[in-house]
Amino acid sequence: MSTLVRQYAGLRLMRQDPEQCIFSFTCASNTNIPMIRTMLRNLARKFGQRVIVDGREFFTFPTAKKIHEATAADIRTCGLGYRAKAVKAVAESIVNGNLDLDALRKARYEDAKMELLKVYGIGNKIADCVMLFSLEKLGAFPIDVWIARSLAKHYKFLSDSKFGEKLSPLQYVALSGAMRAYFGDYAGYAQQYLFYHMRQQAHRKW
DNA sequence: ACCCAGGAATTGT
DNA sequence: ACAATTCATGGG
């Protein structure tokens, strides 16, 4: 067993609640992880239900209905910036039934992705994250800047046609598809190992 | 003041 | 059709 495998043996993937997952990653576009956590904390405090556990105060994650009822301005107050519009659109899709996350859990990767991409604010990367972390599509291979760097560094044979850190939608589909084919049904696990490896090499602060 | 961050929509060519 | 540009927000 290599040092790398021993060091990381024990990594697991979430099977997160799909609604919580899609709202969370909708907040994640073009920002950093500490900021995402702040947004979600603010959303819970503002739209979630207050509960007391062991004398401590918590707020549950807001329902799609509650977010749908809120104005875009109220959502923006939580620090979402331009993402507020997308969060509201996701809530709308869930409430009016256009997006049936539970049904997508049983769908094929391609079909689930196609449905997710119809929603305003959901692109390739976020759709892949939602599928990997909550819809049991373990072959999904999300590519963010860190993964793109990792692929450029460790899988140069794929970057013959110069992939930068920013991928066009066309490049994203090509690269993610290639990695899905390369790693197979559990490509998402490989993605996670790469992600955490890159994050640990950089200085982590979250 | 500039660049970056678990991107995606919009506009320009 | 593809490639630039824009979009809020805080930290380095």
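Protein chains get the first letters and strands the later ones, always in sequence-line order, with residue 1 at the start of each. Predicted, not measured: the structure shown is a model, and the values here were computed from it.
- Look at CG on A/Leu167: it is 12 Å from P on C/dA3, rounded to the nearest Å.
- Checking A/Ile122 against A/Arg149, the closest nucleotide of DNA chain B that is more toward the 5' end is the one next to A/Arg149.
- A/Glu92 and A/Lys88 are not joined by a salt bridge, as no carboxylate oxygen comes within less than 4.0 angstrom of a charged side-chain nitrogen.
- Stacking between A/Phe25 and the base of B/dG6 is absent under the criterion of ring centres within 5.5 Å and planes under 30 degrees.
- Rounded to whole Å, the distance from CD1 on A/Ile36 to P on B/dA5 is 12 Å.
- What separates CE of A/Met35 from P of C/dA8 is a distance of 16 Å, to the nearest Å.
- Closest to the side chain of A/Asn32, out of B/dT10, B/dA8, B/dG6, is B/dG6.
- Residue contacts for A/Arg76: at a heavy-atom cut-off of 4.0 Å it reaches the sugar-phosphate backbone alone, with no base atom in range.
- Atom name P, nucleotides B/dA5 and C/dC2: the rounded distance is 27 Å, in whole Å.
- Of the inter-residue distances, the one linking A/Tyr193 atom OH with A/His197 atom NE2 reads 13.0 Å to the nearest 0.5 angstrom.
- Between A/Pro142 and A/Tyr120, it is A/Pro142 whose nearest contact on DNA chain B lies nearer the 5' terminus.
- Atom NZ of A/Lys166 is separated from atom C1' of C/dA4 by 13 Å (rounded to the nearest Å).
- Taking the P atoms as reference points, C/dG10 lies 23 Å from B/dA9, given to the whole Å.
- With hydrogens and angles disregarded, no donor-acceptor distance shorter than 3.5 Å links the side chain of A/Arg199 to the backbone of A/Trp146.
- Using cut-offs of 30° and 60° for the angle between ring planes, the A/Phe23 and A/Phe61 rings count as tilted.
- A/Asn30 has its CG atom 8 Å from the C1' atom of C/dC7, to the nearest Å.
- We find that CG of A/Leu80 is positioned 10 Å from C1' of C/dT9, with the value rounded to whole Å.
- Counting to the nearest Å, the C1' atom of B/dG6 and the CG atom of A/Leu175 are 16 Å from each other.
- Not a single donor-acceptor pair, N or O on each side, falls under 3.5 Å between the base of B/dG7 and the side chain of A/Tyr172.
- Picking from C/dA3, C/dC2, B/dG6 the nucleotide with the shortest atom distance to the side chain of A/Leu170 gives C/dC2.
- In this structure, A/Arg180 contributes its side chain and A/Phe141 its backbone to no donor-acceptor pair below 3.5 Å.
- For C/dA8, the OP1/OP2 oxygens have no side-chain nitrogen or oxygen of A/Arg83 closer than 4.0 Å.
- Put simply, CG on A/Leu116 is 14 Å from C1' on B/dA8, counting in whole angstrom units.
- Going from the P atom of C/dA3 to that of B/dG6 covers 26 Å, rounded to whole Å.
- Using a 4.0 Å heavy-atom criterion, one finds that A/Val119 contacts the sugar-phosphate atoms exclusively.
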